[in-house]
Structure formats: C-alpha cells, structure tokens
Amino acid sequence: MDRELYGREAIFGNDGLAARLTGLTPYGSAKTPYEHRDDPPVVVLTGGRGMGKTATLKQLRHVYREITPVALVDCEAVAPPEDPGPGWTPVTGALPALAVQLTPRVRAAKPVQFPRLSLGLVAVASIAWSREDETQAQRDLQSLGPVLATVDSRPGAAQGWVTKVLTKLAATAFDAVAPLAGLIAEATVESVLEETFSRFQRRTVDWYGAYPHAGGDGRIGLRQLAVDFERGGDLRRRAEDHLVGALVEDLYRAYRGTALGMRRGRPVILLDNAHNALGRQLVEPVLRARASGRRDQIVFFAASRSSDHEGLRHAVHHRLPEVAHASHWTRGTEVTSGILAVGLTPLSAAHAQAAFERHDPGARTPAGLARGVHRLTGGRPLGIALFAQAAGEAERPGSLVPGALLDCTVQVREDRQPVRLADELLERLLPGQRLEVLSVLAAAHGEESARLLAGLRLRGESLDGDVALRVRDVLRAEDWRVGPEYFVGDPLLRSLLLHRLRFQDDDHPRYAVWRAVHESLREVYQTGNVASAPHRLHEELVLGREAACVTHLRVRFPRPDVPGWLGELRLIASAPYPRERAARGPDPRRAVALGQDVAGGPLPEERTGLAGLDEEAAELQLRMRRLLHAVWLLSDPLALPDDEVTDKMAHELRQLSGRHLTGNAVLWDAATHWPRDIRAWRSLSMPPGVPQDGAPDRRNRQGDGGSDA
C-alpha cells in the first residue's frame with residue numbers, strides 16, 4: 001500500500017477483527033481461531049468522508065488477496081457499459097465484478113468457479129435477444145465472458161457461446177402464449193449448458209429449482225427468474241436477490257465437498273459505500289438467509305458514511321477499539337441484527353506525529369505542527385495523511401503553520417500534476433458538491449443566519465426551495481455536522497471552505513467575494529432577525545475593523561455579567577483571520593498581543609479606538625486590544641499556540657480580574673484555565689475550567705494535555 005494506516009490495529013492485529021473472522025492473520029497468513037465459527041456477522045465500518053473506510057477496505061484486499069479469495073467493489077462506482085441491455089442493473093453489474101476477483105488461485109487452492117451465478121446472469125441477459133438481431137446477444141455474452149470463464153476458460157469460448165445460442169434460438173418454436181423472455185432464457189441456458197458446462201457442472205442448474213413457482217425444476221426456475229427480472233419492481237428485486245444467493249452458494253460449495261480441507265480460512269467480500277441502494281441489495285439477501293439459519297462462511301466487510309441509517313437500526317454498534325479482541329456481537333431476532341457496525345475512530349495525536357515523522361524524517365517542520373494539524377482535522381485520517389505529505393514536500397518547512405499548508409502542493413498520483421492541498425481535500429471531502437454555494441454559507445453561524453445570508457448572496461441558486469436548507473440536508477446526508485455554533489460545524493471543512501471563499505477569485509488585495517459575504521453577514525447581524533452585537537463584531541474583526549470590537553469589550557467590561565463578557569470575547573475572537581496567500585513569518589496578531597506593534601509610534605485611531613479617551617480608559621482600551629488579539633491568535637485552528645502569547649493572555653486576564661468589582665474570581669479562573677486549554681489543544685472552556693461536556697476540569701494540571709495528549 002502507498003499509504004500507511006495508523007490506528008487500525010483493532011482490525012489488522014494478529015488477533016484483530018479480520019483475523020478472528022477469516023481464521024487467518026493478515027500478515028503471515030497463520031491460522032487463528034475463528035470467532036463466531038458457524039455464524040459470522042456482516043461487519044459495517046461507519047464514519048464520514050476521510051475517516052479511512054476505503055483505505056481500510058483496500059488494505060484488507062491487499063493483505064488477504066494471496067491467501068484467500070477476496071473481492072472489493074465500490075457500490076458508488078458500478079456504472080453501466082456503453083450500451084447496456086435491459087438485463088443490466090447495478091446488481092448484475094456488481095456480481096460479475098465480485099466473481100471475477102474471487103476466482104484466482106490462492107495458496108495452493110484451485111480457482112473458485114461460479115456456475116450457478118453464470119447461469120443466472122445469462123438468463124437475465126437474454127431477455128433482450130432476438131433471432132433477427134444478434135448484436136445485443138454478442139455484446140452481452142462477451143461482457144459475461146470473464147464470469148463464464150470461471151466455468152470454461154478455453155480461448156475463444158465467448159464467440160462459441162454466441163454462435164450456439166443464436167443457433168438454438170433460430171431452431172426454437174416459441175409458444176405465443178408463454179412470456180417470450182422466459183422462452184428465450186430457457187433456450188439460452190440450454191445452449192450454454194451444452195457448450196460450456198461439464199457433465200458434473202450441469203447439475204448446478206438444479207439449484208434454481210428452489211426459485212418461486214419452479215416446483216423443484218431448475219430450468220423452470222431460470223425461466224421464471226428471467227420473466228421476473230423483465231417485469232421489474234418487486235419481482236425484479238426477487239430475481240436479483242436470488243442472483244446474490246447464487247454467488248454465495250457458489251462460494252459455499254467451493255469450501256465444502258471435495259474442496260474440504262484444501263482451502264484455508266474464509267473468503268472475503270468488501271463493499272465500499274454500501275450505504276447506497278446497491279450496497280443494501282447486495283447485503284440484505286445474505287442477512288435474510290443467515291437469519292433463517294442458512295450458513296455461508298463468507299466474511300463481509302462493508303463501509304457506510306452513516307452510522308444511523310435505517311439499515312443499521314438493529315445492528316450491534318461498537319467503536320473500533322472495543323472490537324480489538326472480541327466483537328461483543330450476538331444475533332438478535334431482527335434480520336439486521338446480523339450486522340456488527342464498527343465506528344471508525346479518529347487518529348490520536350501520536351498517530352499524527354508518526355505520520356509527520358514518516359514524511360519529514362529530518363524533523364524540518366515546527367515541533368507543534370503535527371499536533372496543530374491533529375487539532376484542525378479532528379484526527380480525520382485523510383486530512384492528517386495529506387497535511388503530513390504536504391509538510392514533507394514543502395520547500396521551506398521551518399515556519400509552517402496549518403494555514404500555510406493549505407497553499408502547499410501535494411503529489412497525490414504519479415500521473416497527475418501536484419495539486420494544492422486545500423483543493424484536493426475539498427474534492428475528496430465534498431465530491432460533486434457546489435463549492436461556490438457552500439463557501440458562502442460556511443461564513444454563517446446558525447441555520448437562521450445561513451438562510452438570511454443565502455437570501456442576500458445566493459438569490460437564484462435554487463429554483464425549488466431554500467438554498468440553505470438544501471445545503472443543510474446535503475451536509476447531513478454526507479454525515480457532516482451542522483450547527484449550532486457554526487452552520488458548517490466541522491472545523492476542517494469550515495476552514496477549507498472559508499479558505500476557498502477568500503482565494504477563489506485570486507483578486508489580492510481586494511478579496512471582493514470574501515469581503516462582500518462578510519459585509520452581508522454583518523448586515524444580517526445588525527438589522528436581521530438574528531441581530532447580535534457580538535456576531536456583528538465577529539464580522540467587523542474579519543473585515544479588519546478591530547477598533548469597534550475593542551471598544552465594545554471595554555464598554556461592556558464593568559457590567560456584572562462577566563461570564564457573558566468572556567463568552568462575547570471568545571465569540572468575537574473566533575473570527576476567521578484574513579490571511580494572505582502563502583504568508584510566512586510571524587503572525588501579525590502576535591505583535592499586537594505582546595504590545596509590540598506600538599513601538600514605532602502611535603497607530604491610527606481606526607485600529608485602536610483611542611481618540612477622545614482619558615488616560616485610564618485609554619489604558620483599558622489598549623489592554624482589551626492586546627487581549628483580543630491574543631485570544632484571536634490562540635483560538636485560530638490554522639495557527640499554532642504560542643507560549644509567550646499564552647502567558648501574556650493570562651497576565652492580561654489577571655490584571656482585569658483586579659479591576660472588576662464583582663467578577664474577579666471568574667476572570668482569575670479564565671487566567672488559570674484558558675492557558676491550560678490552549679496548551680492541551682482544546683477550545684477555550686466556558687465557563688472557564690468546565691469542558692463542553694459540563695464536567696469539572698480534572699485533567700492533568702501540568703499543561704501537557706492529560707488524557708487528550
């Protein structure tokens with residue numbers, strides 16, 4: 001694998017989930033005791049985009065492909081051929097792909113054959129054939145050549161099948177009363193059986209005798225299968241379910257009878273993006289069969305972006321670390337209780353550090369960069385992998401911060417030019433979405449402000465409903481968090497969209513779209529239904545009008561509600577910083593926070609708000625300015641914590657504590673706990689010292705992050 005996986009030992013360990021289900025260790029293929037020997041669960045790996053589901057499935061294929069039959073199909077990538085006949089559906093497209101991958105010889109075991117599946121696919125493909133036009137028959141049979149080759153691998157066999165089938169059709173007298181599809185299917189199956197199947201293989205047709213209305217006769221069952229498929233609706237679904245059963249039966253037969261003792265472990269079927277309709281159609285027949293008592297011994301690993309969709313309602317749910325040594329799964333009474341849903345967990349800060357060290361073995365990047373990227377990405381494996389690669393390939397890595405990495409390029413494929421990291425991440429995390437709309441709405445806080453902003457900036461973007469609500473539903477469907485603090489709730493996704501909003505037009509120094517959106521949002525918070533002074537000042541700070549923010553904090557400071565004042569400070573200072581492209585060197589906010597930007601003389605009034613203030617008020621104004629810029633810098637997910645600025649923030653809060661008549665204890669607590677939050681890479685707690693879950697802060701007091709490290 002080109003990409004190393006971190007934090008997935010619960011699956012790939014020698015006693016991990018994959019080893020216990022397959023009976024074979026992933027590395028070295030040693031035998032290991034089965035868990036759920038007679039009735040394994042269907043494992044569904046859950047997690048949003050970038051959580052490593054696809055990488056995990058590909059790694060499973062990589063480590064098992066030489067020791068046991070294994071196949072991987074992406075249920076979102078099964079596409080029809082150039083000119084599909086009526087016998088093609090996503091199910092009949094996916095099944096041959098699975099069968100062909102499961103066929104190759106592994107570890108001294110003979111190739112798996114798929115005679116039952118071949119007969120069923122030929123039967124449904126034949127519904128469009130006629131004696132007058134042989135083109136469709138030739139095209140369909142040749143497309144089925146790879147799966148039929150599991151039964152007859154002779155060169156040129158496909159052309160022989162076409163000739164035999166068309167000859168049979170020409171010689172057959174069809175009953176005008178019987179469904180034509182069934183009669184053609186019967187003639188086709190007879191031809192393929194005679195031409196391709198050996199004397200022993202021909203008995204496999206009897207398996208279709210269990211099809212509804214077949215009366216135990218396999219040929220009638222295949223004819224009825226074709227009729228049901230052509231009629232569509234629930235009947236087609238029944239026919240497709242039976243085809244899935246044919247693949248399972250062929251695999252089951254390969255592991256019993258004369259093959260007993262010749263094969264090791266269990267075969268593995270991997271289904272990516274199985275939350276869609278095709279994924280469910282491939283999995284549900286297996287679940288129903290297993291719930292009824294039939295056993296197949298196949299190991300299924302599927303991937304789903306959602307952990308709470310209807311198909312997983314009765315599944316047994318566990319987080320990945322919980323299944324490292326036992327699955328803790330038992331079958332219930334519901335069909336879908338046969339699923340073990342395993343939530344993929346974010347990577348730890350240590351995993352992020354390991355990824356950076358792999359790409360930067362010379363340790364050229366700043367010491368805190370890996371941890372900063374971990375905070376920004378929330379441990380999302382895709383984000384960590386690409387950020388680490390960008391850092392390792394950067395020309396001047398010594399002063400990098402996460403925000404600067406967004407403008408770096410990465411070589412994601414050898415056959416593609418290097419691409420900018422921010423663009424690649426957005427393409428991978430929001431494929432096929434309207435980024436120009438999402439970038440605008442990423443600036444909003446709650447849903448209501450997003451709707452008002454859409455009314456001002458996105459008129460005409462949707463002719464059939466509220467733009468913001470449509471975007472909200474898209475984000476939720478993709479398992480992205482929406483609100484309440486921000487409309488786009490994931491810090492990484494929001495940062496990427498705001499980065500795009502600022503730089504999409506490449507119009508430095510105007511940044512017209514960025515400025516227009518934030519001006520509109522400022523108007524929303526000033527005059528709209530969600531009028532809010534702190535939110536409006538948040539936008540003022542984005543637009544570079546810091547004096548109004550500082551003055552507001554100074555004027556509000558003496559009031560009794562100090563927790564409310566701290567909350568306003570935190571909200572205002574959470575404003576996105578208006579970055580310049582590929583900016584390097586010290587962050588300008590640092591000098592302001594440390595009081596160093598006034599060394600060269602007085603600053604203009606629009607930046608300080610000092611005009612007309614007496615000495616005491618001016619001193620408080622400057623203190624508020626330093627504090628605001630310190631919190632702004634230290635809260636920025638695209639920056640890195642600065643110890644000197646952190647100490648300065650604590651100093652300013654303690655000085656303010658001595659000046660407040662009633663809120664000195666709250667301010668003192670902020671001076672104590674906020675530096676701990678910063679050094680532990682956490683958001684500033686509100687009230688200070690109380691994490692977001694509401695529990696008192698009992699974490700390690702040494703500032704190293706405690707359990708979050």
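With hydrogens and angles ignored, the 3.5 Å screen pairs a side-chain donor or acceptor of Arg570 with a backbone N or O of Leu684. Looking only at distances, a side-chain donor or acceptor of Gln101 sits under 3.5 Å from a matching main-chain atom of Leu72. With hydrogens and angles disregarded, no donor-acceptor distance shorter than 3.5 Å links the side chain of Asp669 to the backbone of Pro688. For His445 (side chain) and Glu485 (main-chain N/O), a donor-acceptor pair under 3.5 Å exists by modelled atom type. Remark: the backbone N or O of Ser685 is paired with a side-chain donor or acceptor of Trp674 at under 3.5 angstrom. Judged purely by atom type and a 3.5 angstrom limit, Ser348 uses its side chain to pair as donor or acceptor with the backbone of His351. No donor-acceptor distance shorter than 3.5 angstrom exists from the side chain of Arg305 to the backbone of Ala274, with no hydrogens or angles considered. When atom types are taken as modelled, the side chain of His538 and the backbone of Leu571 share a donor-acceptor pair closer than 3.5 angstrom. A donor-acceptor contact shorter than 3.5 Å links the side chain of Glu322 to the backbone of Arg319.
Side-chain atoms of Ile339 and Val316, non-hydrogen and from C-beta on, never get closer than 4.5 Å to each other. Residues Leu271 and Val283 are in side-chain contact: their nearest non-hydrogen atoms beyond the backbone lie under 4.5 Å apart. The side-chain heavy atoms of Thr46 and Leu312, taken from C-beta on, include a pair separated by under 4.5 Å. Here the side chains of Asp636 and Arg589 are in contact, with some heavy-atom distance below 4.5 Å. Counting heavy atoms from C-beta on, the side chains of Ile298 and Arg290 come closer than 4.5 Å. Taking the side chain as every heavy atom from C-beta outward, Val78 and Leu278 approach each other to under 4.5 Å. Considering only heavy atoms from C-beta on, Arg331 comes within 4.5 Å of Asp39 through its side chain. Put simply, the side chain of Leu430 reaches to within 4.5 Å of the side chain of Leu435, judged on heavy atoms.
In this structure, the separation between CG on Leu405 and CG on Leu400 is 5.0 Å, given to the nearest 0.5 Å. In this structure, Asp506 CG and Gln504 CD are separated by 11.0 Å, a value rounded to the nearest 0.5 Å. In this structure, Leu493 CG and Leu425 CG are separated by 10.0 Å, a value rounded to the nearest 0.5 Å. Atom CG in Leu17 sits 6.5 Å away from atom CG in Leu340 (nearest 0.5 Å). Separating the CZ atom in Phe300 from the CD1 atom in Ile269 is a distance of 4.0 Å, to the nearest 0.5 Å. From His518, atom NE2 reaches atom CZ of Arg502 across 8.5 Å, with rounding to the nearest 0.5 Å.
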Assess whether side-chain contact (heavy atoms from CB on, under 4.5 Å) is satisfied between Asp479 and Met51, documenting all intermediate values.
CA-CA 11 Å; Asp479 204 38; Met51 281 301 297; over 6 Å; no
Does the pair Leu45 and Val43 meet the rule for a side-chain contact (heavy atoms from CB on, under 4.5 Å), with working shown?
CA-CA 6 Å; Leu45 305 176; Val43 178; 4.0 Å; yes
Derivation and outcome, side-chain contact (heavy atoms from CB on, under 4.5 Å), residues Leu569 and Leu628:
CA-CA 7 Å; Leu569 167 63; Leu628 174 63; 4.1 Å; yes
Could you walk me through whether Tyr34 and Leu21 satisfy the side-chain contact (heavy atoms from CB on, under 4.5 Å) test, starting with their C-alpha distance in whole Å, then the side-chain angles of each, then the deciding distance to 0.1 Å, before giving a yes or no?
CA-CA 6 Å; Tyr34 287 116; Leu21 293 181; over 6 Å; no
Take Trp329 and His36, measure what ring pair (Phe, Tyr, Trp, His ring centres under 6.0 Å) needs, and give me the verdict at the end.
CA-CA 9 Å; Trp329 171 85; His36 310 295; 4.9 Å; yes
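Within the structure, ring pair (Phe, Tyr, Trp, His ring centres under 6.0 Å) pairs that include any residue of residues 569-590 comprise Tyr577-Trp632 (at least two apart or interchain). Applying the salt bridge (charged side-chain N to carboxylate O under 4.0 Å, His left out) rule to pairs touching residues 398-416 yields Asp407-Arg581, Arg413-Asp415, Arg416-Glu424, sequence neighbours excluded. Under the salt bridge (charged side-chain N to carboxylate O under 4.0 Å, His left out) criterion, the residue pairs touching residues 44-56 are Arg49-Glu478, with sequence neighbours excluded. Sorted by first and then second residue, the salt bridge (charged side-chain N to carboxylate O under 4.0 Å, His left out) pairs involving residues 489-501 (not counting sequence neighbours) are Arg380-Asp490. Among residues at least two apart or in separate chains, there is no ring pair (Phe, Tyr, Trp, His ring centres under 6.0 Å) pair with a member in residues 6-31.
Of the charged side-chain nitrogens involved, at least one lies within less than 4.0 Å of a carboxylate oxygen, so that Arg590 and Asp642 count as a salt-bridged pair. Salt bridge absent: Lys648 and Glu644 never bring a charged side-chain N and a carboxylate O closer than 4.0 Å.
Scanning both residues, Leu429 and Pro431, for their nearest heavy atoms gives C-CD, 3.4 Å. In plain terms, the two heavy atoms of Leu634 and Arg375 that are nearest each other are O-NH1, 3.9 Å. Minimum heavy-atom separation, Pro26 to Gly13: CD-O, 3.9 Å. Residue Ala303 comes nearest to Leu57 through the heavy atom pair CB-CD1, 3.9 Å, listed as atom of the first residue, atom of the second, then distance. Listed here is the closest heavy atom pair of Ala55 and Leu5: CB-CD2, 3.6 Å. When every heavy atom of Arg266 is checked against every heavy atom of Thr68, the shortest pair comes out as O-OG1, 2.8 Å.
Pro675 meets the side chain to side chain contact (heavy atoms under 4.5 Å, CB included) test with Thr646, Met649, Ala650, Arg679; sequence neighbours excluded. Applying the side chain to side chain contact (heavy atoms under 4.5 Å, CB included) criterion to Val471, with sequence neighbours excluded, gives Val437, Leu438, Leu441, Val467, Leu475, Phe487. Residues satisfying the side chain to side chain contact (heavy atoms under 4.5 Å, CB included) test with Ser495, not counting sequence neighbours, are Leu376, Pro637, Leu638. Scored by the side chain to side chain contact (heavy atoms under 4.5 Å, CB included) test, Asp360 finds Arg364, Thr365 as partners (sequence neighbours excluded). Checked against side chain to side chain donor-acceptor pair (under 3.5 Å), Glu427 has no partners two or more places apart in sequence or in another chain. Annotation: side chain to side chain donor-acceptor pair (under 3.5 Å) contacts of Glu35 (sequence neighbours excluded): Arg20, Ser327.
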Name every donor-acceptor pair, under 3.5 Å, that has one atom in a side chain of residues 382-389 and the other anywhere in the protein, sequence neighbours excluded.
from   : atom 1 : to     : atom 2 : distance (Å)
Gln389 : NE2    : Glu393 : OE2    : 3.0
Gln389 : NE2    : Gln411 : O      : 2.8

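More than 12 heavy atoms of other residues, nucleotides or ligands sit less than 6.0 Å from atom CD of Glu580.
Judged by distance alone, the side chains of Asp272 and Thr54 do bring a donor and an acceptor atom under 3.5 Å apart.
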